[in-house]
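Predicted model, so just to flag it, every value in this text is computed and none were measured. These values consider heavy atoms only, across backbone and side chains, with no hydrogens, waters or symmetry-generated copies.
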Number of protein chains: 2
Amino acid sequence: MTLPQPRRLPVQARARATFEAILEASARVLVERGYDAASTNRVAEVAGVSIGTLYQYFPNKEALFVALIERHFDEQVELLQRMVGSLIDAPLAEAVRAYVGALFEAHANDKAFHDAILQQVTHLGLPAITRVHMVSRQIVQVYLEAHRERLRITDTALAAFVLVSAVEGIVHTLMFAPERPELDALSDEVSLMVLRYLVGGDDAG
Amino acid sequence: MTLPQPRRLPVQARARATFEAILEASARVLVERGYDAASTNRVAEVAGVSIGTLYQYFPNKEALFVALIERHFDEQVELLQRMVGSLIDAPLAEAVRAYVGALFEAHANDKAFHDAILQQVTHLGLPAITRVHMVSRQIVQVYLEAHRERLRITDTALAAFVLVSAVEGIVHTLMFAPERPELDALSDEVSLMVLRYLVGGDDAG
DNA sequence: GTTGAATCTGAGTAAATGCTCGGTTTATAA
DNA sequence: TTATAAACCGAGCATTTACTCAGATTCAAC
């Protein structure tokens with residue numbers, strides 16, 4: 001898949017504001033309508049610009065939402081990297097709790113948006129989600145390698161895959177579950193599972 | 001949300017075949033096109049019936065796919081119940097391995113279909129996925145309760161939530177990951193994590 | 001102030017889609 | 001055989017949508 005490029009980049013301040021307004025509006029419309037029902041006319045209307053203006057910056061509908069999603073994931077990856085950087089020397093239990101807690105918070109913050117995006121990533125076949133996953137796995141793996149002698153896992157790459165996808169799966173499920181457990185208790189329990197998997201017994205917590 | 005009912009039920013054998021053909025075609029078209037691009041005209045064409053015939057059995061597009069998804073999840077729940085029924089007295093390690101293995105297989109069997117459905121469930125806001133999750137959690141919880149004294153978890157409902165969503169998350173991630181670990185190794189590792197969480201040390205495996 | 005580039009406008013077009021409805025064909029039963 | 005119901009057909013309508021383009025407006029530079 002070739003990623004469609006913005007048709008033209010804004011140079012004046014007015015144009016930059018327009019560009020931002022369009023991206024912001026596309027996020028709002030995506031959340032409230034879903035991808036296919038999110039018409040470009042509606043996005044332009046919400047952004048307060050004409051449909052013609054929208055098509056000056058984005059060659060087609062797909063390019064618009066691709067730009068939105070790519071940007072979102074770039075931010076996510078950056079966040080993750082900053083967090084793990086500050087945790088690399090922290091005790092395992094603390095690091096795990098911080099990681100799990102951060103993921104819970106990130107998704108809770110803008111549940112609808114994360115939701116809508118996650119849904120569309122599959123649909124558009126974007127490499128973005130894959131990128132986030134791979135980066136997450138690499139970051140976690142680096143951490144595991146650094147603490148290897150204290151852990152009872154053998155394959156750090158495999159463990160990283162299991163951990164990242166398990167925790168994200170839990171967070172994801174949480175979004176749709178009508179009878180959700182209490183958040184703090186769940187966060188603790190997930191941390192517990194991770195710690196038991198990594199180091200074992202009650203010395204984990 | 002009111003679940004739209006089939007407009008009319010087929011009574012003759014010919015009509016039953018038509019009904020089935022339409023549902024089958026809707027699955028195929030959903031997979032190849034996604035929900036919004038899956039036009040009813042296309043479904044009718046693939047099913048080899050006229051568009052008018054389709055609308056004799058389903059009042060609208062949504063009802064068609066709701067019927068498809070509801071049926072799929074009913075089958076899934078049934079499968080799960082049969083499996084756990086035969087595992088309730090099995091040793092923990094064996095039961096866990098069987099459960100994890102079954103989920104891996106079920107999704108691997110028709111990855112594209114599971115995918116497409118999972119995506120649409122959110123979009124349509126169906127109670128079906130919720131039903132599957134809740135039933136899964138209940139089934140797992142019953143199992144955990146039955147083996148409670150051998151486990152080191154306190155809240156079986158919470159543990160069931162964590163386990164079900166974690167394992168499903170891993171399976172789900174597996175679908176999109178381009179660099180996927182070897183399946184058997186992954187399945188073993190997931191089982192390992194579950195066992196360590198539930199019972200602890202190396203006596204787990 | 002003037003000029004040319006950057007930016008914005010929005011009515012309109014072509015195509016696609018959900019769904020209807022009047023009418024034909026096929027099955028059942030007396 | 002014939003009458004009634006069940007099942008099927010598909011041209012076409014109403015609506016929506018992505019996207020264009022010819023022209024209007026705003027900015028920057030001199």
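- When the C1' atom of C/dA6 is taken as reference, atom CZ of A/Phe19 falls 16 Å away, rounded to whole Å.
- Checking C/dT28, D/dC19, C/dG18 against every side-chain atom of B/Thr40, the shortest atom distance belongs to C/dG18.
- Checked against the 6.0 Å centroid threshold, A/Tyr197 and B/Tyr197 do not count as a close aromatic pair.
- Among the atoms of the strands shown, base atoms are found under 4.0 Å from some heavy atom of A/Thr53.
- In the set C/dT7, D/dC8, D/dA18, D/dA18 carries the atom at the smallest distance from any side-chain atom of A/Ser39.
- Separating the CG atom of B/Leu9 from the P atom of D/dA7 is a distance of 10 Å, rounded to the nearest angstrom.
- The distance from atom CZ of B/Arg16 to atom P of C/dA27 is 14 Å, rounded to the nearest whole Å.
- Out of D/dC19, D/dC27, C/dG18, the shortest distance to the side chain of A/Ile51 is found at D/dC19.
- Taking a cutoff of 4.0 Å between a charged side-chain nitrogen and a carboxylate oxygen, A/Glu94 and A/Arg97 do not qualify as a salt bridge.
- Between A/Glu45 and A/Arg42, at least one side-chain nitrogen of the basic residue sits less than 4.0 Å from a carboxylate oxygen of the acidic one, meeting the salt-bridge criterion.
- Ranking D/dC8, D/dC9, C/dT7 by closeness to the B/Ser50 side chain, first place goes to D/dC9.
- A straight line from OH of A/Tyr57 to P of D/dA18 spans 20 Å, rounded to a whole angstrom.
- A salt bridge is absent between B/Arg14 and B/Glu20: the closest approach of a Lys/Arg side-chain nitrogen to an acidic carboxylate oxygen does not fall below 4.0 angstrom.
- C/dA16 atom P lies 16 Å from atom CG of A/Asp36, rounded to whole Å.
- Below the 3.5 angstrom threshold, one finds no donor paired with an acceptor across the side chain of A/Asn60 and the base of D/dC19.
- Aromatic pair B/His133/B/Phe161: centroids not less than 6.0 angstrom apart.
- In this structure, A/Gln12 atom CD and D/dT25 atom P are separated by 17 Å, rounded to whole Å.
- The residue B/Ala38 sits close only to the backbone: its heavy atoms come under 4.0 Å of sugar-phosphate atoms, none of a base.
- With D/dA6, C/dC8, C/dA6 as the choices, the nucleotide that has an atom nearest any side-chain atom of A/Thr18 turns out to be C/dC8.
- In this structure, CD of B/Gln56 is placed 12 Å from C1' of C/dT24, rounded to the nearest angstrom.
- Among C/dT20, D/dA7, C/dA6, the nucleotide with an atom closest to any side-chain atom of B/Tyr55 is C/dT20.
- For A/Gly52 and B/Lys61, each mapped to the nucleotide of DNA chain C holding its nearest heavy atom, the one lying further toward the 5' end belongs to A/Gly52.
- Between the CG atom of B/Leu54 and the P atom of C/dT20 there is a distance of 11 Å, rounded to whole Å.
- In the set C/dG18, C/dC8, C/dT26, the nucleotide with an atom closest to the side chain of B/Asn41 is C/dG18.
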